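To start, the structure itself, in structure tokens.
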Amino acid sequence: MEAPARPTDPSVEDVLLRPLLHTGRAYYVAGGLLLSVILFGAYQWGLQVYFGVGMTGKTRPVYWGLYLTNYVFFIGISHAGNLISSILRLTHTEWRRPLTRAAEAIAVCGLALGASNVLWHLGRPELAWMPLVHPQFLSPLVWDLIAISTYLVASSIYLYLPLIPDVALLRERAVKPRWLYRLLALGFSGTPKQKARLEKAIAVMAVAVIPIAVSVHSVLAWVFGMTLVPMWHSTIIGPYFVVGAIFSGMAALIIVMAILRKVLRLEAFMRPSHFNNLGLLLLVMSCVWAYFTFAEHLTTWYGNVPDEKAVFDARLYGEFAPLFWTMVAGCFVLPFPILAFKRTRTVSGTVLASVFVLAGMWLERFIIVVSSASFPRLAFNWDHGNYHPSLVEISMTAAECAAFALFFLVFVKLFPIVSIWEVKEGREAEAHPAAVL
Amino acid sequence: MAIDLDRCTGCEACVVACRTENNLPVAGAEQSALGRANEWIRVERYVEGEFPNVKVRFMPVMCVHCDEAPCVKVCPVSATYENPEGLNAQIHPRCIGTRACAHACPYTARYFNWWEPAWDSPLEQTVNPDVAVRWKGIMEKCTFCVQRIARVKDTAKEEGRSIRDREIQPACAQACPADAMVFGDIESQESEVSKLAESPRAFRLLEELGTRPRVIYLKEGDWRGSSGTAD
């Protein structure tokens with residue numbers, strides 16, 4: 001597919017600001033549908049709060065279930081957002097320009113949604129503030145709280161900083177609501193001094209979010225890894241979670257981009273070459289994920305410790321085998337050939353591979369949480385895969401997916417989803433290479 | 001606490017006594033089948049061998065009150081802690097229900113209140129006034145009948161004497177018809193439990209994990225709970 005003719009600068013703004021200025025009927029229908037899914041989830045969760053956590057499918061010994069799965073999954077997705085954006089920014093990769101905003105938005109939204117699962121999960125959600133006031137610092141859950149709140153602040157700043165010049169543009173154009181843009185623009189008028197400061201701040205944040213992002217998912221993994229539960233208690237679990245996070249996040253980014261480009265007609269900005277490049281990155285992550293998974297399971301199998309072997313057997317041949325092999329297919333077997341060949345590394349090809357990866361990675365989180373929890377060390381307490389998510393857990397999962405979509409629905413109405421000033425800057429640099437540096 | 005597995009008949013009198021003493025609500029058949037019946041002490045059954053040469057082993061398991069308790073470390077709000085006497089205690093009003101301790105415990109000895117506890121009439125009249133009724137959304141577990149320990153301590157103090165060996169009887173130990181459970185002060189040289197701890201038959205459950213449990217099991221030959229198959 002050939003990219004459409006390159007728009008000149010005025011039309012860059014026009015195309016990218018169009019979603020902010022015009023809203024169709026379909027928009028409200030979609031918003032209403034998503035909102036009703038969220039409201040149903042809220043109603044179900046209200047029942048859970050009223051009657052007790054017994055409303056979920058959880059039992060002894062599977063005390064953690066779908067909420068924790070979503071917790072890890074959504075926070076994982078949020079990673080790629082920031083990591084892709086910051087790494088590409090720091091390496092001055094030119095093709096990043098139309099992608100960074102969407103990636104940073106995924107980061108903030110995924111993180112907030114993922115973290116919210118703690119609240120849905122707690123036995124007494126009304127006391128969720130307790131760890132803030134009475135933290136017990138030996139607990140990995142408190143480390144997690146610190147890491148996630150740091151990351152939420154950092155990624156919000158990292159989303160906001162590159163947004164400032166675009167907000168200033170919206171203020172100049174008197175787009176409504178004016179008070180919002182006047183407030184958020186912080187008096188930015190694009191003077192060289194302001195610009196230099198802004199770029200410095202962005203560069204600092206781009207460096208800062210990388211270690212923070214890695215630490216967040218490591219700590220998340222350690223919530224599991226610090227316990228003595230078979231196959232949670234492993235040294236690889238931290239890096240394994242980080243790799244999985246980047247992997248699933250890239251897949252999410254590809255899917256989000258494909259939808260945005262279709263719905264908002266951004267084909268001129270999010271070009272097939274972007275999908276090709278992201279597809280290559282996804283391919284690399286798929287291989288790394290497969291290697292980690294293999295290494296983890298080979299070590300367990302060879303060691304043959306009965307407690308761990310019970311989980312291993314359940315995963316590979318037992319109760320969890322259908323899920324496990326679906327996961328292997330979704331994360332590696334299916335996407336690998338699609339992404340390996342240039343002919344299939346097209347927009348639709350990478351989107352298809354990403355759908356497989358997202359499904360596979362969600363299953364991976366589910367299997368890690370539930371299969372280990374099902375086989376505690378004293379065999380009498382084994383729960384042979386009896387955990388089945390209940391209506392409240394499923395509707396809350398649906399509500400979270402709906403909230404993710406709704407976030408983007410609102411975001412594209414308030415802010416340009418492609419960074420206008422960065423795209424313009426890129427075009428200028430391309431036109432006058434000597435002018436930059 | 002020492003538990004002699006060679007004496008245990010698997011009668012579950014300890015389970016019933018514990019339930020009555022500590023106000024464990026009736027879960028009902030349906031919830032029990034889901035695994036939601038709370039038993040601060042349970043009799044684990046392990047079947048060894050192939051039919052017809054089958055041997056069933058019983059093992060009462062409760063919170064073993066580890067000296068290095070994994071549950072204490074993971075709680076984000078210090079709702080579980082080790083008290084100066086070495087009991088691992090759960091502070092119910094402080095618990096927020098993360099259930100992290102439930103997974104951290106290698107003995108699966110911690111229980112969660114899935115629902116608001118309820119007793120069908122007239123069972124509500126059997127509720128023990130010495131023990132708090134817990135509420136939905138929090139963890140609970142064996143306390144070694146801390147209310148009985150407190151009572152004996154008070155009596156001994158009033159009478160101006162020290163506590164006699166085996167004077168403190170947790171409900172399970174008191175109910176055991178085979179006299180398989182002995183509770184006492186392991187640091188006292190004279191106590192029966194400290195003598196039993198020296199027995200060549202003595203072992204501690206999953207002691208290879210380094211949790212240093214305070215419950216001692218006695219059994220001819222070796223025993224490891226996680227080998228063999230559950231029924």
Side-chain angles (χ1 to χ4, degrees), chain A residues 49-64 68 118 121-145 223-224 226-230 232-233 305-307 310 369 372-373 376-384 386-387, chain B residues 27 31 33-39 42-46 59 61 70-81 93-116 135-139 205-206 209-211 224-231:
Chain A
V49 171
Y50 186 77
F51 290 109
V53 183
M55 293 289 287
T56 67
K58 288 185 265 285
T59 59
R60 194 178 69 90
V62 187
Y63 289 99
W64 289 354
L68 261 285
V118 174
H121 165 85
L122 281 187
R124 295 206 288 168
E126 70 275 17
L127 293 182
W129 51 270
M130 280 277 280
L132 297 171
V133 186
H134 307 290
Q136 196 273 102
F137 288 103
L138 280 181
S139 166
L141 278 75
V142 169
W143 311 345
D144 210 20
L145 183 75
V223 167
F224 300 93
M226 293 294 140
T227 66
L228 295 171
V229 176
W232 281 356
H233 188 60
V305 177
D307 297 350
V369 173
S372 282
R377 288 185 188 263
L378 295 180
F380 180 73
N381 303 292
W382 283 358
D383 171 0
H384 294 269
N386 279 337
Y387 167 71
Chain B
Q31 292 293 309
L34 283 171
R36 287 178 180 169
N38 288 4
E39 301 171 309
R42 59 176 184 261
V43 176
E44 298 197 348
R45 296 174 297 278
Y46 292 97
M59 183 178 216
V61 177
C71 58
V72 170
K73 283 191 282 189
V74 299
C75 180
V77 292
S78 319
T80 177
Y81 76 114
R94 191 147 187 162
C95 176
I96 61 173
T98 66
R99 314 196 271 293
C101 57
H103 283 310
C105 174
Y107 307 94
T108 327
R110 301 184 134 262
Y111 295 83
F112 185 67
N113 286 281
W114 303 100
W115 311 100
E116 205 68 69
W135 50 94
K136 72 173 196 287
I138 60 170
M139 296 301 301
L205 192 56
L206 297 178
L209 295 177
T211 50
R224 184 153 187 282
S226 57
S227 60
T229 46
D231 67 335

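None of these values were measured; they are calculated from a predicted model. A note on names: the letters A, B, ... follow the listed sequences, proteins ahead of strands, and every chain is numbered from 1.
In this structure, CE on B:Met59 lies 7.5 Å from CG on A:Leu378, to the nearest 0.5 angstrom. Interatomic distance, B:Ile96 CD1 to A:Leu141 CG, rounded to the nearest 0.5 Å: 8.0 Å. The NZ atom of B:Lys73 lies 9.5 Å from the CE atom of A:Met226; values are rounded to the nearest 0.5 Å. The CG atom of A:Asn381 sits 5.0 Å away from the CD atom of B:Glu44 when rounded to the nearest 0.5 Å. The CG atom of A:Leu68 lies 9.5 Å from the OG1 atom of B:Thr98; values are rounded to the nearest 0.5 Å.
Only the side chain of A:Trp232 comes within contact range of chain B, judged by heavy atoms closer than 4.5 Å. Proximity to chain B involves both the backbone and the side chain of A:Met130, based on heavy atoms less than 4.5 angstrom apart. Heavy atoms closer than 4.5 Å to chain A are found in the side chain of B:Val61, but not in its backbone. Only the side chain of B:Arg42 comes within contact range of chain A, judged by heavy atoms closer than 4.5 Å. Residue contact with chain A, scored on non-hydrogen atoms closer than 4.5 Å, involves the backbone and the side chain of B:Pro106 alike. In this structure, no portion of A:Val133 lies under 4.5 Å from any heavy atom of chain B.
When all heavy atoms are compared, the tightest approach of A:Gln136 to B:Val77 is CB-N, 4.2 Å. Residues A:Thr56 and B:Arg36 come closest through the heavy atom pair O-NH2, 2.6 Å. The two residues A:Pro61 and B:Thr108 come nearest to each other via the heavy atoms CB-CG2, 3.9 Å. The shortest non-hydrogen separation linking A:Ser139 to B:Cys75 is CB-O, 3.4 Å. Residues B:Trp135 and A:Arg124 come closest through the heavy atom pair NE1-NH1, 3.1 Å. Minimum interatomic distance between A:Phe380 and B:Tyr46 (heavy atoms only, all atoms of both residues): N-OH, 3.1 Å.
When B:Asn38, B:Val74, B:Val72 are compared by the number of non-hydrogen pairs under 4.5 Å with chain A, B:Val74 comes out ahead. No other option in B:Ala104, B:Pro70, B:Ala100 has as many heavy-atom pairs under 4.5 Å with chain A as B:Ala100. Contacts with chain A were tallied for B:Pro76, B:Gly35, B:Gly97; B:Pro76 has the most, counting heavy-atom pairs under 4.5 Å. Looking only at heavy-atom pairs under 4.5 Å with chain A, the residue among B:Arg94, B:Gln31, B:Glu116 that has the most is B:Arg94.
Although no hydrogens or angles enter the test, the distance criterion places no donor-acceptor pair under 3.5 Å between the side chain of A:Arg60 and the main chain of B:Phe112. Panel note: side chain A:Arg377, backbone B:Leu206; no donor-acceptor pair is recorded below 3.5 Å.
Looking at B:His103 and A:Phe224, their side chains never come closer than 4.5 Å, going by heavy atoms from C-beta outward. Between A:Met55 and B:Trp115, some side-chain heavy-atom pair lies under the 4.5 Å cut-off.
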